[in-house]
Structure formats: C-alpha cells, structure tokens
Amino acid sequence: MLIAQLTDTHLKPGGRPAYGRVDTAGLLTAAVDYVNAFVPEVDAVILSGDLTDTGSAAEYAVLRPLLDRIRAPWYAVPGNHDRADEMRTAFGDVVPYVDAADFAACLIDHHPVRLIGLDSSVAGVPWGMVGAAQLAWLDRVLAAGPDRPTLVFVHHPPFETGIGHMDVQNLKDGAELIAVLRRHPQVLHLACGHVHRAIDTVLDGVAVSIAPNAAHAVTLDLTLGGPSTFTMEPPAIRLFRFTPPRLLVSHLAYPGRFDGPHPFFDATGGLID
Ligand SMILES: [Fe+2]
Ligand SMILES: [Fe+2]
C-alpha cells in the first residue's frame with residue numbers, strides 16, 4: 001500500500017498567490033498530477049492541515065475541485081490556518097469526521113493500514129493541542145484495534161525542531177499524545193505537517209516525521225531568534241510504503257521534471273565507466 005502525504009497547501013481565495021508570491025494552487029495541482037501518475041498506484045492521500053491560509057469558505061471552495069482531482073481516496077485534518085467547522089462543511093461528504101463536538105478527527109478502517117487523523121487546531125491561536133477528550137477517544141479507538149497496523153496523522157508536531165519561530169507553535173500536549181501512542185504498539189508512525197520541511201525523529205520509541213511542502217518551505221534557520229521566513233526549495237512530498245505485517249517505509253518524492261533516469265549498466269551488463 002502507498003500513502004502520499006500532502007500538507008500545508010495554504011490555498012487563497014480565487015487561487016491568488018500566498019504571501020504575495022507562492023502559487024499554492026498551481027503547485028498543489030502539480031503535486032496531485034505527480035501522485036495521480038505514480039506507478040504503482042497511490043492508494044490513499046492524507047492532508048495534514050493548513051489546507052487554506054485563513055480557513056474561509058471561499059478558500060475551501062477553491063480547494064475542493066483541486067482535491068477532487070486526486071484519484072485515490074483522500075482524508076484531511078485541520079491545521080492552525082484552517083477552521084475545523086468550515087472543513088467539516090466543505091469535506092464532510094468525503095472525509096469521515098467523527099461525531100464529536102470539540103474536534104474534527106477521522107478514522108479510516110478499510111485500508112491495509114488503519115489511518116487516524118487528529119485535529120490539533122485551536123481557534124484563534126497558531127499553536128496546537130489535541131486535548132483530553134480527543135486523546136481519550138484516540139486511546140479507545142487504538143485499544144479496539146490492537147492487531148491493525150496504524151498510521152496517525154496530525155498537523156502540529158509534538159517536538160522541537162530547532163526552528164524557533166515554529167517551535168513556539170508546536171503541539172502543547174505532545175507528551176500526552178506520545179504517551180497514548182506508546183501504549184499501542186500497532187502504531188507504526190505519527191505523520192505531521194506545520195513546519196514545511198522534511199524532519200524525522202523518534203520520541204519514546206514512536207517514529208515521528210514532518211512532511212516537506214509541495215509549495216513553500218520554512219527556511220532552515222537553526223539560529224536562536226531566527227526570523228520567520230520561507231524559501232522556494234524544490235517541491236517535495238512524503239510517500240509511505242506499507243508492507244505487511246508491519247513495515248512502513250517513508251520516502252521523499254519530488255514532483256517535477258529532472259534529468260534522467262539514466263542507466264547504471266550498458267547493454268552488455270557492464271557498469272558504465
Ligand atoms: Fe503551514
Ligand atoms: Fe501550521
């Protein structure tokens with residue numbers, strides 16, 4: 001099974017550029033084209049928040065037809081730039097959001113890997129929190145599927161990356177989330193967004209990653225008090241490959257055209273010198 005992670009698409013009303021210069025609609029279209037054309041076929045797409053830039057209905061209206069172009073089933077959770085209530089309205093017919101008052105989580109149980117999307121958005125603030133009610137829900141859901149290999153995705157990462165202006169906006173109850181995930185060894189991975197960079201770590205034995213962005217990247221600046229800026233690095237997405245019973249491998253994939261592929265070996269089987 002292949003799972004593509006698209007994150008932080010930051011769509012603007014009318015498809016206009018984000019921050020005056022990023023063609024987020026065009027770059028998302030290119031990423032979707034790449035995912036659609038991938039061989040073998042991608043089986044599911046997860047979108048880990050910041051789908052729009054301000055969470056307005058007008059932005060979700062622009063985004064929806066772009067997401068409808070994805071051939072695989074797709075699932076989305078809110079980030080700090082989203083509004084959970086607007087996302088339920090815009091995508092509720094496609095994404096199976098749970099019936100909960102405080103959080104727009106989703107549970108997808110019909111793939112070889114069970115997918116659980118968490119809502120870490122908190123209205124009006126940039127940082128994230130899963131919250132006690134959602135953590136209790138997650139614990140119950142995981143307890144009910146101990147034999148189902150599981151990928152959890154959430155917008156805000158539960159760890160410090162070294163990029164200070166992003167770290168102050170990370171997941172405030174990350175330790176509590178990792179404690180729940182640790183109790184359920186069928187959880188293979190926690191996939192996050194928010195930082196617009198490919199970052200990996202292991203927290204208390206739980207593999208955690210942040211996906212890169214198919215549009216703008218947060219600048220890799222690990223200095224104390226570094227400014228909040230972005231850089232147009234090569235667009236990238238994360239691609240997870242699952243092999244039963246429980247191997248989940250993460251690849252970085254680069255939508256776009258590059259020189260190659262070129263052979264290593266010539267027609268006689270010799271390594272090209
Ligand atoms: Fe973002
Ligand atoms: Fe974010």
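Counting begins at 1 with the first residue of the sequence. FYI, side chains are in, hydrogens and waters are out, and symmetry mates aren't considered; it's all heavy atoms of this structure. Just follow the structure's listing: the first ligand is 1, and inside any ligand the first atom is 1. This one's a predicted model, so the numbers in the text were calculated from it and none came from an experiment.
For a distance threshold of 2.8 Å, the protein N, O or S atoms nearer than that to the Fe ion (ligand 2), listed by chain and number, are D50 OD2, N80 OD1, H155 NE2, H194 ND1.
A salt bridge is defined here as a Lys NZ or Arg NE, NH1 or NH2 lying under 4.0 Å from an Asp or Glu carboxylate O, and D53 with R16 fails to meet this definition.
D221 and H165 form no side-chain donor-acceptor contact under 3.5 Å, judged by distance and modelled atom types alone. There is a side-chain donor-acceptor pair under 3.5 Å between T161 and D167.
By the 4.5 Å heavy-atom criterion applied to side chains, L142 and R183 are not counted as neighbours. At a threshold of 4.5 Å between non-hydrogen side-chain atoms, the residues V122 and V125 count as touching.
Applying the salt bridge (charged side-chain N to carboxylate O under 4.0 Å, His left out) rule to D147 yields no partners; only residues at least two apart in sequence or on another chain are considered.
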